[in-house]
Amino acid sequence: MTAVELPSDAESAVATPEFEAAAIRQESRRGFLLALPSYSYLVLFFAVPLVIVVVYSFATRNRFGGTDLSGWNLASYARLSEPIVRDILFRSLWLALLTTLICLVIAYPFAYYLATRTPVVRNLMLVFVMIPFWTNFLVRNYAWRVILGNDGPFTDVTEAVGLGERELLFSKTAVVLGLVYSFLPFMILPLYAAIERIDKRLLEASRDLYASGWQSFRKVLLPLSMPGVIAGSILVFVPSLGAYVTPDILGGSKTTLLGSYIVTQFLTARNWPFGAALSFVLMAVMLTTTVVYFRKGGRTL
Amino acid sequence: MSRPTSSAVEPRGWTKGLLRANGWLVYAFFYAPILLLVIFSFSDSRNVGVWGGFTLDWYEEFVDSRQTQAALWNSVKIAVVSTAISVVLGTMSALALERFKFRGKQVFDALLYLPIIIPDVTMAVMMLLFFAEFFEVLNAVFGTELRKGFSSIALSHIAFSISFVSVVVRARLAGMSGHLEEAARDLYASRWKAFRFVTFPQILPGILGGALLAMTISLDDVVITQFVTGPGWTTLPVYVFGLIRRGVTPLINAVSVVMLMASMTLVALSLLVERVRNVGTNQRRGF
Amino acid sequence: MTAAVEITGITKRFGDVVAVDNIDLTIADGEFFALLGPSGCGKTTTLRMIAGLEFPTQGSLKIFGDEVGTLPPNKRPVNTVFQNYALFPHLNALDNVAFGLKMQGVKKSTAYSRALETIDLVQLSGMDTRKPSELSGGQQQRVALARALVNQPKVLLLDEPLGALDLKLRQEMQGELKNLQQNLGVSFVFVTHDQEEALTMSDRMAVMNEGKLLQVGTPEEIYEHPANRFVADFIGQTNLLEGRVVDAETVCLSNGARVTGFSDHPVGTEVAVSVRPERVRLGPRGESRPSETEVDGTAVDGATVDAATVDGAAVDGATVDAATVDGARVDGEVESITYLGNARVYRVRFDWMVIEVREENRPGATLHEPGTPVSVSWDPSAVSVVAD
Amino acid sequence: MKNKTWLRILTGLLALALVAAACGDDDDGAQQASCDVGETDGNLAMYNWAEYIDEEQLAEFASEHGISYTLDTYDSNEAMQPIVSAGGSGYDIIVPSDYMVSILIDAGSIQPLNFDAIPNGANISADFEGIYYDPAGEFSVPYQWGTTGIAVNTAAVGTDFPRSWGLIFDPAISGEFDGEIQLLNDPRETMGAALKYLGYSLNTTSDAELQEATDLVSATASRLAAFNTDSADEFLTSGETVIAHGYSGDMFVQFLETDNPEEYVYFVPEEGGTRWIDNMAIPFDAPNPCTAHTFINWMLSADQGAALTNWNYYATPNEAAFELLDQELLDFIGNPELYAGGVESLEEIEDTGDFETNYADAFTEAKG
């Protein structure tokens with residue numbers, strides 16, 4: 001470490017490579033210092049606890065449902081190849097993908113519509129998107145149970161339309177509906193943020209270049225809003241995969257999804273090592289997917 | 001002056017109709033259950049979904065119920081404190097990641113994603129194990145008498161809220177040209193002033209969005225809170241979750257309605273303040 | 001008199017890339033100075049180093065005699081008009097302009113009254129409460145200018161400030177900027193990739209390429225006597241005829257023709273002969289040279305490339321008779337004409353290259369249709385011999 | 001490089017320290033508290049099931065002893081157990097169910113009670129002596145008890161139905177009520193019901209028997225409206241289901257909420273069902289064990305035992321309290337059909353140790 005004058009407001013000197021290097025170092029240190037509070041916070045209050053869970057995943061459930069922290073083994077990971085785990089995984093992936101897709105299809109035009117409103121109107125519209133979510137999520141799920149349930153408003157509608165009494169409650173459809181309801185705002189917010197900052201002249205340019213409305217959406221708007229699409233999809237897909245309250249309340253627990261399965265391992269089977277292994281693998285897959293996406297040139301969320 | 005009117009990209013004809021219809025449908029979708037829960041908060045029946053005639057009993061019960069009120073206040077206190085702290089920390093980390101290069105940046109970036117993708121029951125379990133030991137170690141070393149409760153819940157909520165805030169703020173920062181900050185520096189602003197007078201107002205919508213998200217998640221969290229709570233710190237969702245076993249009564253609907261009214265009042269007030277402060281137009285680039 | 005900006009041995013590296021390579025540059029007080037070059041040549045980096053937005057890797061940077069190389073931007077007595085203006089979108093025009101003053105701690109009322117004065121100066125009176133998004137491109141440009149000028153910088157830096165404006169507005173602003181600079185008497189350092197803009201506006205200019213400073217001088221010096229091939233080619237239009245130095249005043253072109261061109265390049269150096277299109281004269285093939293050539297051609301040795309004997313087709317048919325003929329003449333065929341309104345540019349095809357000729361659109365000027373066999377000639381004084 | 005290495009070392013060390021500390025926990029071996037009758041050593045913090053105690057009762061205790069109280073609630077034994085076992089929960093009184101008591105004892109998470117400070121322990125019915133999960137009665141005293149059985153909407157099903165698990169599991173009987181039946185979303189209860197129907201013990205550790213039960217539940221799953229624990233009672237009275245699998249007290253409370261309670265019937269099938277017992281216990285690291293002892297003693301008095309049952313409609317283990325119960329309630333739950341197979345057919349869920357995960361897996365498999 002050579003003693004080099006750092007860029008100081010008072011001093012002024014002829015620039016040297018050492019000074020430049022010191023300036024770059026100082027800039028880097030500024031960034032680091034800015035990140036440091038959150039960094040150390042997350043290390044202490046997230047990474048360290050996480051290490052405990054990872055350690056648990058190599059341990060063994062003892063006969064009382066406690067965890068013996070000796071006799072390390074990979075048994076919990078070996079179980080991941082069982083057909084029941086595979087079935088649950090595929091089913092959950094499918095439902096989570098479906099939920100994400102539906103959210104995308106609904107949220108995209110909505111976010112676009114929002115972005116074309118005047119600032120005052122769009123702020124108001126955004127707030128009204130968020131307000132329902134300031135009520136308790138259990139209460140919201142229960143409200144859906146009433147709507148979809150026996151003699152609820154939904155069956156009234158299907159009857160009135162002449163479809164007969166169609167009850168949706170306790171079906172996969174109801175689960176997807178509940179998930180879409182729960183996570184739609186997570187899709188709308190980033191999509192809106194992404195679309196709002198697109199320069200609209202680009203769209204005008206595409207129309208000028210003979211693109212139809214659909215084409216300019218397909219070739220200009222969609223690619224430009226891709227960061228929003230990806231961010232929204234991650235924010236919807238991840239919690240959908242881990243959801244367990246909605247499948248329980250609206251799906252009647254008839255189909256076990258990954259989230260419920262992990263909860264079952266921790267809270268019912270009291271098999272913490274297996275629960276830890278399941279969640280650890282889930283996180284690893286998610287993290288790899290996002291990292292690969294960003295390495296391939298994706299922008300920040 | 002109003003915004004520039006119809007241009008080539010302004011949706012027209014049936015596209016416009018479809019967009020508008022979709023908008024209304026989305027709101028209908030969002031508010032259908034809310035309407036229902038408001039209605040049943042006035043229902044004279046223990047069961048949500050069974051109309052038993054109009055009553056204000058549930059509101060009365062709310063006013064009388066020490067436990068419900070305590071739970072509501074606990075939730076609000078924790079949400080406010082954890083949101084405030086995580087907004088500061090999350091914004092700082094967003095700035096660091098978006099505007100600086102430093103060693104360990106990738107590790108930090110990855111670390112920031114983990115709280116978003118971790119299943120909450122897993123986080124709950126690990127926080128439980130952690131706090132049991134953490135406080136014990138602190139108490140042994142420093143002779144303190146720390147107990148699980150407010151601090152452990154708030155610390156856990158901050159741990160996941162930082163990530164959500166930082167994601168939203170980063171999205172906003174990424175869309176903001178770094179030239180603005182340079183221009184401010186060129187115009188004699190110190191680093192802090194450049195942040196205070198240029199960067200901050202620019203990313204404020206992102207910060208507010210992040211804060212809303214963090215607050216919503218904090219107000220809804222059950223599992224993590226349940227595992228790190230201590231005596232007297234039952235939050236509203238945990239309380240409601242416990243109630244399920246004996247049936248969620250319209251009391252909870254009434255609590256939700258009270259919360260809705262409170263938040264709507266806050267929104268209305270803030271809009272009013274904005275209106276008063278911001279006489280004149282508030283036109284921005286873009287759509 | 002101290003120089004406004006004095007740059008000595010400045011180098012800037014970004015990793016392995018050398019953005020600015022050991023340049024020396026002095027900009028006088030009250031000078032309108034242009035930094036010209038293609039994109040990526042290092043001109044913007046140079047400007048940013050003067051502004052303090054980048055620290056040099058090495059070298060000295062003085063503003064009015066004070067070393068500022070390591071000062072942060074907010075401590076330098078210079079201001080910048082940014083490319084695309086970088087106006088603060090959340091502030092109205094007045095607040096944008098008053099920003100710098102407020103940051104310096106000027107009293108609010110003083111700041112605003114000075115800001116208003118400057119807004120008047122750039123002819124934006126009445127626009128002060130508008131947000132940048134409510135202003136046209138030209139108006140935004142003026143706000144950006146006012147925002148910098150209000151601080152009374154010792155040097156004003158402008159980074160392609162007119163790039164986003166349409167032609168008419170750009171020309172108008174060029175005039176205004178020039179006037180403003182003359183009235184204020186402040187040094188303007190102006191970055192542009194538009195050579196015409198640089199030529200018309202600057203008192204002196206510097207041409208940069210690949211991080212190197214190629215030539216510094218008045219527009220006339222640079223236009224008339226480009227220091228090297230790149231400058232000759234980049235500034236204005238020119239015909240570059242490849243060849244080799246034969247002696248101090250002769251260049252042998254690649255087809256064997258010899259032309260007169262004074263240079264101090266050693267014999268044998270690969271060079272190009274640069275002749276501006278407007279200096280080239282066009283005449284019907286075989287016709288004797290116009291009278292005016294004879295008038296000023298007598299004193300100087302010229303070169304004739306006379307391909308007429310073999311009908312201008314064969315390369316080796318060219319003969320050169322430098323000693324006997326005044327002026328230069330080359331025969332070829334008109335390939336195309338570009339009509340510019342005030343002039344015509346002919347592309348004349350020879351078997352080994354194309355030469356462009358620009359003729360003023362005077363009444364009575366002969367029109368040479370494409371396909372017409374023609375000869376071209378120029379005065380030896382029009383020639384610059386340039387190496388790489 | 002420096003930063004990373006430093007962080008890695010710190011993280012590693014912290015994790016190790018924590019794991020080591022976590023391992024050390026179980027050795028603590030909680031001591032019996034020495035307390036006098038009626039002694040309090042601080043405020044009371046109770047961790048109980050939701051809606052399982054009237055707050056006024058707590059308030060009365062608090063004011064009587066000049067202390068304050070906090071009441072926090074949980075929704076399952078499994079959610080409560082790790083919190084208490086991890087230590088530092090801060091609670092003085094918890095209310096675990098039977099099998100959970102044995103888990104807590106094994107894990108060293110509850111402390112032995114000092115019965116010198118609980119003279120009212122004498123009020124407990126002899127039925128609860130020497131029970132499997134706490135044979136010596138050292139660690140827990142019963143709080144309330146009940147059964148798991150079937151509730152039926154007689155308006156839909158009629159009154160002429162077999163008092164058997166076949167009502168749910170036999171397709172010949174339940175086929176008629178396709179989509180209107182619910183089972184508990186609980187591996188032990190639901191697999192237990194199937195095991196009982198098949199004539200096995202609900203604590204079986206036989207893979208073959210469990211497999212049979214799995215197939216049975218799996219075959220029944222398609223006829224179900226839902227697997228649900230929390231809303232079994234509401235589904236029945238709102239018409240979502242007509243045959244419900246649920247807990248006695250929940251059902252009674254719910255029946256009495258409706259306009260026509262007599263329309264509903266709750267019974268334990270003749271094959272037998274679950275008897276469960278919730279207990280009061282003191283966490284190993286309770287901050288105020290003497291207050292906890294005094295509270296237990298207070299709750300075991302005749303008055304308070306009766307007050308509890310009159311409020312939450314569950315059966316009391318407190319013999320002295322019987323006479324003080326509401327007559328109306330007794331009439332309703334005193335229904336002779338309540339135990340179709342007699343009280344002897346009831347069985348408690350026991351912790352099966354390592355086999356516990358088999359129940360969880362079997363249930364997941366059965367649900368599909």
Side-chain angles (χ1 to χ4, degrees), chain A residues 32 36 39-40 43-44 47-56 59-70 79 82-85 87-88 91 138 142 145-146 149-152 167 169-171 248-256 260-261 263-272 274, chain D residues 3 7 10-12 14-20 22-23 25-26 76-79 81-82 85 102-107 109 179-180 182-183 185-188 221-222 224-231 234-235 238-241 351-361 363-365 367-368:
Chain A
F32 184 73
L36 190 62
Y39 206 157
S40 35
V43 166
L44 180 58
V48 171
L50 186 63
V51 170
I52 303 178
V53 176
V54 175
V55 168
Y56 265 67
T60 320
R61 178 194 193 274
N62 70 19
R63 59 174 307 274
F64 312 115
T67 305
D68 281 339
L69 293 171
S70 55
R79 279 195 66 186
E82 286 175 13
I84 189 166
V85 178
D87 289 351
I88 289 171
R91 193 186 303 143
L138 275 167
Y142 271 83
R145 183 140 99 186
V146 173
N150 182 43
D151 293 331
E167 205 184 317
L169 190 59
F170 304 136
S171 63
D248 185 28
I249 294 182
L250 296 179
S253 300
K254 282 191 290 191
T255 35
T256 307
S260 324
Y261 194 56
V263 171
T264 302
Q265 295 313 319
F266 277 115
L267 296 187
T268 309
R270 282 178 293 119
N271 190 348
W272 287 19
F274 185 48
Chain D
N3 294 331
L7 273 174
L10 184 79
T11 315
L14 264 168
L16 273 178
L18 288 167
V19 170
C23 294
D25 253 1
D26 300 357
S76 74
N77 281 305
E78 286 76 10
Q81 179 263 326
S85 294
S102 61
I103 290 167
L104 288 167
I105 295 172
D106 285 332
S109 303
E180 295 179 308
Q182 158 271 334
L183 276 173
N185 187 26
D186 181 303
R188 292 302 307 272
S222 61
L224 295 180
F227 287 98
N228 191 293
T229 305
D230 307 321
S231 306
E234 281 165 56
F235 287 166
S238 68
E240 202 68 57
T241 59
D351 183 46
T352 56
D354 289 338
F355 203 74
E356 210 64 22
T357 55
N358 298 33
Y359 276 101
D361 291 346
F363 189 51
T364 305
E365 194 191 323
K367 286 204 288 186

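Within every chain, numbering begins at 1; the chains are lettered A, B, ... in the order of the sequence lines, protein sequences first and strands thereafter.
When the options A:Ile84, A:Val85, A:Thr268 are evaluated for a side chain to side chain contact (heavy atoms under 4.5 Å, CB included) with D:Thr364, the one that passes is A:Ile84.
Using a 4.5 Å cut-off between heavy atoms, D:Asn77 makes no contact with chain A at all. Neither the backbone nor the side chain of A:Phe266 has a heavy atom closer than 4.5 Å to any heavy atom of chain D. For D:Phe235, the part lying under 4.5 angstrom from a heavy atom of chain A is the side chain only. When heavy atoms are compared at a cutoff of 4.5 Å, D:Ala221 approaches chain A solely by way of its backbone atoms N, CA, C and O. Only the backbone of D:Ser238 has a heavy atom closer than 4.5 Å to any heavy atom of chain A. Residue D:Gln182: no heavy atom, backbone or side chain, is found under 4.5 Å from chain A.
Taking chain A as the reference chain and counting heavy-atom pairs below 4.5 Å, the highest number among D:Glu356, D:Lys367, D:Glu240 is found for D:Glu240. In terms of heavy-atom pairs under 4.5 Å with chain D, the best-connected choice from A:Leu50, A:Leu267, A:Asn271 is A:Leu267. By number of non-hydrogen pairs under 4.5 angstrom with chain A, the leading residue of D:Asp354, D:Asn185, D:Asn358, D:Asp351 is D:Asp354.
For an aromatic pair to be called close, the ring centres must be under 6.0 Å apart, and D:Tyr359 with D:Phe363 fails this.
Under the 3.5 Å distance criterion, the side-chain polar atoms of D:Ser231 are left unmatched by any main-chain donor or acceptor of D:Glu234. A:Arg145 places no side-chain N or O within 3.5 Å of a backbone atom of A:Phe170 that could act as its donor or acceptor partner.
Using a 3.5 Å distance cut-off with no hydrogens or angles, the side chains of A:Arg270 and D:Thr357 do not pair a donor with an acceptor. Between the side chains of D:Thr229 and D:Asp186, no donor-acceptor pair is found at a separation under 3.5 Å.
Judged by the 6.0 Å distance and 45° axis criteria, A:Arg79 is positioned over the aromatic ring of A:Phe274.
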